[in-house]
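In what follows, a structure is listed as structure tokens, so that the remarks can point back to it.
Labels below follow one simple rule: chain letters A, B, ... track the order of the sequence lines, proteins then strands, and each chain is numbered from 1. Remember, predicted model here, so these are calculated numbers, not experimental data.
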Amino acid sequence: MPELPEVETTRRGIAPHVTGQRIVRLVVREPRLRWPVPASLPDRLADRRIEEVSRRAKYLLLTVPPGTLILHLGMSGSLRLVPAVRTPARHDHLDLVLADGLCLRLTDPRRFGSVHWTEAPPADHPLLRGLGPEPLADAFDGDWLYTRSRHRRSAVKPFLMNAQNVVGVGNIYASEALHLAGIDPARAAGRIGRERYRELAAAIRTVLAAAIEAGGTTLRDFLASDGRPGYFRHHLRVYGRAGEPCPRCAAPIRLRVLGQRATYDCVRCQH
DNA sequence: AATCGCGCCTGACGGC
DNA sequence: TGCCGTCAGGCGCGAT
């Protein structure tokens, strides 16, 4: 399931191949994604050039003057570069066919992903407008989290997963970062002090950077643009490890449901 | 204003 | 073996 590291892995994988390439055409085989793929999209993209591939939160942004193609991978989506002549498989919903004979192929079994086109600055798009800071950027730190969390009564884990507070921290990395920082995921966000938020912000950066380094986390279906899985799964400290010993104190890892999400923590060393 | 709960969708998995 | 019910999971949205 693509979280920020998986999307960044995808961006890094495709950028060298697609940057500067001319789009021959867009082939839409299945427009029924989370939102319908705009019918006008093929006309807008044909014969245009991809200038840049960037990322905001979990959105991939392809700069294609005069606009921007915005892609979200949902939770089962992946983008791969394949020969345009390769026969598409069942969940290969669209192909961005490039001038060099390859195509960028979007595969998404659950169809929670989406594709958007905007000719305004992408930051103004309704889906991006309200997003919080990038966790790996300077604008994100413990002081920001501390300020944002005052008087919040919700648990810190769903607080972290709220993209208005910080983007890109999904279910896996929220559990991981809270373990690294020694914070109980169920603790009220408003009852955590400034210093602990500084530790938490550092833990988020550490976990995300390490996950990007490992090529993301593959649980079931995430594949990078070259078709290889991510290897961060082997580095996960608590996620998916209920009953196993905590890597820090050896007490058992617990599985709870918090905000309707599976949440893993150590019964002893997170407070 | 903050928070909760729903629904989208498929594949995996467990029970029988 | 095969069928069927259940569930995860990102995230926007409507309800509270």
Side-chain angles (χ1 to χ4, degrees), chain A residues 1-10 29-38 55-61 70-79 88-94 106-116 118 122 124-132 134-135 145-177 185-192 204 208 211 216-223 229-230 232-233 236 238-242 255-264:
Chain A
M1 46 217 71
E3 296 189 29
L4 186 147
E6 292 72 44
V7 178
E8 179 61 20
T9 296
T10 299
R29 281 180 291 270
E30 174 54 88
R32 295 175 303 163
L33 303 186
R34 179 160 192 200
W35 286 283
V37 178
R55 178 187 58 74
R56 172 71 174 112
K58 299 178 192 171
Y59 293 92
L60 278 169
L61 310 177
I70 303 175
L71 295 129
H72 197 287
L73 299 177
M75 58 163 289
S76 61
S78 59
L79 276 175
R90 171 137 182 248
H91 300 296
D92 294 344
H93 304 315
L94 53 93
L106 175 72
T107 307
D108 186 3
R110 288 171 215 185
R111 308 203 329 253
F112 281 10
S114 59
V115 180
H116 314 265
T118 179
D124 295 344
H125 190 278
L127 293 172
L128 308 191
R129 199 184 295 143
L131 294 175
E134 288 287 328
L145 287 179
Y146 176 78
T147 303
R148 290 283 301 178
S149 61
R150 291 312 84 191
H151 311 299
R152 296 292 190 91
R153 293 194 289 193
S154 77
V156 63
K157 179 168 174 269
F159 170 80
L160 280 188
M161 293 173 63
N162 181 341
Q164 293 182 18
N165 300 320
V166 57
V167 303
V169 181
N171 201 41
I172 298 173
Y173 299 115
S175 280
E176 291 297 306
R187 174 174 284 271
R191 301 191 59 188
I192 294 173
I204 290 168
L208 292 178
T217 300
T218 296
L219 289 183
R220 288 203 187 94
D221 34 25
F222 173 74
L223 296 175
F232 194 70
R233 184 162 65 97
L236 295 175
V238 291
Y239 189 88
R241 298 195 184 278
L255 168 60
R256 283 182 294 177
V257 175
L258 213 60
Q260 296 128 271
R261 290 290 177 270
T263 301
Y264 297 87

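No more than 12 heavy-atom neighbours from other residues, nucleotides or ligands sit within 6.0 angstrom of CZ on A/Arg191. More than 12 heavy atoms of other residues, nucleotides or ligands sit less than 6.0 Å from atom CZ of A/Arg150.
Rounded to a whole Å, the CG atom of A/Leu71 is 14 Å from the P atom of C/dC11. For A/Phe159 and B/dC4, the CZ to C1' distance is 17 Å, given to the nearest whole Å. One interatomic measurement links the two molecules: CD of A/Gln260 to C1' of C/dT6, which rounds to 16 Å at whole-angstrom precision. The nearest whole Å value for the distance from the CD1 atom in A/Ile172 to the P atom in C/dA8 is 14 Å. Distance, A/Asn162 CG to C/dC11 C1': 10 Å, rounded to whole Å. A/Asn165 has its CG atom 16 Å from the P atom of C/dG10, to the nearest Å. Here the P atom of nucleotide C/dC13 and the CG atom of A/Leu127 are 7 Å apart, to the nearest Å. Distance, A/Arg111 CZ to C/dG10 C1': 16 Å, rounded to whole Å.
Of all nucleotides listed (B/dG11, B/dC6, C/dG9), B/dG11 comes nearest to the side chain of A/His91. Each of B/dT3, C/dG12, B/dC6 was ranked by its minimum atom distance to the side chain of A/Tyr59; first place goes to C/dG12.
A/Lys58 places none of its side-chain heavy atoms less than 4.5 Å from the side chain of A/Val167. Annotation: side chain of A/Phe159 is not in contact with side chain of A/Ile192 (no heavy-atom distance under 4.5 Å).
Defined by atom type and a distance below 3.5 Å, a donor-acceptor pair is present between the side-chain atoms of A/Asn165 and A/Arg148.
Note on A/Arg90: only backbone sugar-phosphate atoms sit closer than 4.0 angstrom, heavy atoms only; bases stay farther off. A/Arg261 comes within contact range of at least one nucleobase, with a heavy-atom separation under 4.0 Å. Across all strands shown, A/Arg34 has heavy atoms under 4.0 Å from base atoms, whether or not it also approaches the sugar-phosphate. Among the heavy atoms of the strands lying under 4.0 Å from A/Ala262 are primed sugar atoms or P, OP1, OP2 only; no base atom is included.
Residue A/Lys58 places no side-chain N or O under 4.0 Å from the OP1 or OP2 atom of C/dG10. Between A/Tyr239 and the phosphate of C/dG9, there is a side-chain N or O to OP1/OP2 separation shorter than 4.0 Å. Residue A/Tyr173 has no polar side-chain atom (N or O) positioned under 4.0 Å from OP1 or OP2 of C/dG9. Residue A/Arg110 has no polar side-chain atom (N or O) positioned under 4.0 Å from OP1 or OP2 of C/dG9.
Aromatic stacking is not marked for A/Phe112 over C/dC11, as the cut-offs of 5.5 Å for the centres and 30° for the planes do not both hold.
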